[in-house]
Amino acid sequence: MRWFRRRRPEDELPDPRTAWPEQAVPDDPVAAAERFWRRWAEMLPEISAALGDREPQRVEGELAAAVAELHPHLHVSLERGQRAIYALVVSGQEDPALRPFTDAWKAAAPPEDAIWEYHDSVPPVPDPTGVTVNLGTRSVALADVRVAAQVDEAEGVVDVAVHHPLLGELDAAARSAMTFLPLDATLGERLAAERLRRVETAETEPAGAITLLELRDLVRGLDEERPETVGGAD
């Protein structure tokens, strides 16, 4: 599966003499969510056919447009599901201003079934150590990621430094991706945003570094101990 992101104005090359039109934000998140799910039901046969043919790009534009009508700053992806075959993910990337829209979207979602599950933030990968990320011509295995984690028990957060043996060979953009992507894959977007405070890149492996699965256990344990300190997870 691949990320589907709403096309942003800066991704286009419009006539420089023409101002980019502002996309309206709906006044009523609940009504906007209900409109999305009606449109989703209409699109579903085409989406299912495209996924069955392994050609998700056929529906990328229409799906992105439907999510942009919910709110123009939301991101959408089609993923492999954990409980179902596929997962539809609509994320505000933990922007509090977008939570009314993702909350309304999730509340209005149809019941999950064997085919579809729905997430209002990017969920964790069941086993991040089995994931390989392609960055240009390089294949980077997340199994080789090591993390130095320092817990602030008073605040209920963790500061981390992320290391991979290939980090020193990557350009700045790829290093940034390989710093944050393993954390989101391990914890999920929401838990990472809630419980990780400082995130740094470590080109040499820090002393006492732990694996991604050990980091997951540490952060989830902290989340269970202090659930009242920060909002709940998906």
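All residue numbers in this chain count up from 1 along the given sequence.
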Do Arg35 and Glu69 come within less than 4.5 Å of each other through their side chains, counting heavy atoms only?
-> no

Start with the C-alpha distance between Asp127 and Leu213, add both sets of side-chain angles, then the distance that settles side-chain contact (heavy atoms from CB on, under 4.5 Å), and finish with yes or no.
-> CA-CA 8 Å; Asp127 182 4; Leu213 292 178; 3.9 Å; yes

What's the verdict on side-chain contact (heavy atoms from CB on, under 4.5 Å) for Ile47 and Glu62, showing C-alpha distance, side-chain angles and the deciding distance?
-> CA-CA 10 Å; Ile47 291 172; Glu62 188 175 1; over 6 Å; no

Should the pair Arg190-Asp120 be classified as a salt bridge under the 4.0 Å nitrogen-to-oxygen rule?
-> yes

Over all atoms of both residues, closest heavy-atom pair of Leu166 and Ser139 = CD1-O, 4.3 Å

Leu196 pairs by side chain to side chain contact (heavy atoms under 4.5 Å, CB included) with which of Asp159, Val160, Val157?
-> Val160

Measure the acute angle between the ring planes of Trp116 and Tyr86, then classify it against the limits of 30° and 60° as parallel, tilted or perpendicular.
-> tilted

Whether His164 side chain and Ala141 backbone form a donor-acceptor pair below 3.5 Å = yes

Is Glu117 reaching over with its side chain to a backbone N or O of Gly81, donor-acceptor style, under 3.5 angstrom?
-> no

Does Val25 share a hydrophobic cluster with Val30, counting links as ILVMFWY side-chain heavy atoms below 4.5 Å and allowing steps through other members?
-> no

Closest non-hydrogen contact found for His163 with Pro206 is CB-CD, 3.9 Å

Nearest heavy-atom pair of Thr102 and Ser91: which atoms, and what distance?
-> CG2-C, 4.4 Å

Could you give me the CA-CA distance, side-chain angles and deciding distance for Glu79 and His119, then say whether side-chain contact (heavy atoms from CB on, under 4.5 Å) is met?
-> CA-CA 10 Å; Glu79 308 280 356; His119 300 276; over 6 Å; no

Ala172 backbone acceptor or donor facing Ser176 side chain under 3.5 Å = no

Report yes if the side chains of Glu200 and Val162 come closer than 4.5 Å at any heavy-atom pair, otherwise no.
-> no

Side-chain contact, heavy-atom cut-off 4.5 Å: Pro29 with Trp105?
-> no

Does the side chain of Thr201 come under 3.5 Å of the side chain of Thr179 through a donor N or O and an acceptor N or O?
-> yes

Are Val147 and Val199 grouped together when hydrophobic residues (ILVMFWY) are joined by side-chain heavy atoms under 4.5 angstrom apart?
-> yes

When rounded to the nearest 0.5 Å, the distance separating CG of Leu88 from OG of Ser77 is 7.5 Å

Indicate the ring-plane relationship of Trp37 and Trp40, choosing parallel, tilted or perpendicular according to the 30° and 60° boundaries.
-> perpendicular

What one should report as the nearest heavy-atom pair of Ala192 and Leu183 is CB-O, 4.4 Å

Met178 vs Leu142 side-chain heavy atoms within contact, under 4.5 Å | yes

Distance col, row Asp217:CG vs Leu212:CG, nearest 0.5 angstrom, shows 11.5 Å

For the residue pair Leu181 and Val133, establish whether any side-chain heavy-atom pair is separated by less than 4.5 Å.
-> yes

Residues at least two apart in sequence or cross-chain that pass salt bridge (Lys or Arg N to Asp or Glu O under 4.0 Å) with Arg138, listed by chain then number, are Glu169

Does atom CZ of Arg83 have more than 12 heavy-atom neighbours from other groups under 6.0 Å away?
-> yes

Got a sec, which residues hit salt bridge (Lys or Arg N to Asp or Glu O under 4.0 Å) with Asp53, two or more places apart in sequence or on another chain?
-> Arg58

Out of curiosity, Arg39 CZ to Leu63 CG, how far, rounded to the nearest 0.5 Å?
-> 9.0 Å

How long is the gap from CD on Gln93 to CG on Asp184, to the nearest 0.5 Å?
-> 9.0 Å

Given side-chain contact (heavy atoms from CB on, under 4.5 Å), test Leu98 with His71 step by step and report yes or no.
-> CA-CA 8 Å; Leu98 301 180; His71 193 291; 3.3 Å; yes

If you look at every heavy atom in Lys106 and Tyr118, which pair is closest and at what distance?
-> CE-O, 3.3 Å

Any donor-acceptor pair under 3.5 Å from Arg216 side chain to Thr186 backbone | yes

Taking the side chain as every heavy atom from C-beta outward, state whether Leu51 and Val59 have any atom pair closer than 4.5 Å.
-> no

Side chains of Arg146 and Thr211: does their closest heavy-atom pair fall under 4.5 Å?
-> yes

Nearest heavy-atom approach of Gly168 to Glu203 is CA-OE1, 3.8 Å

Checking Glu189 side chain against Val122 main chain: does a donor-acceptor pair fall under 3.5 Å?
-> yes

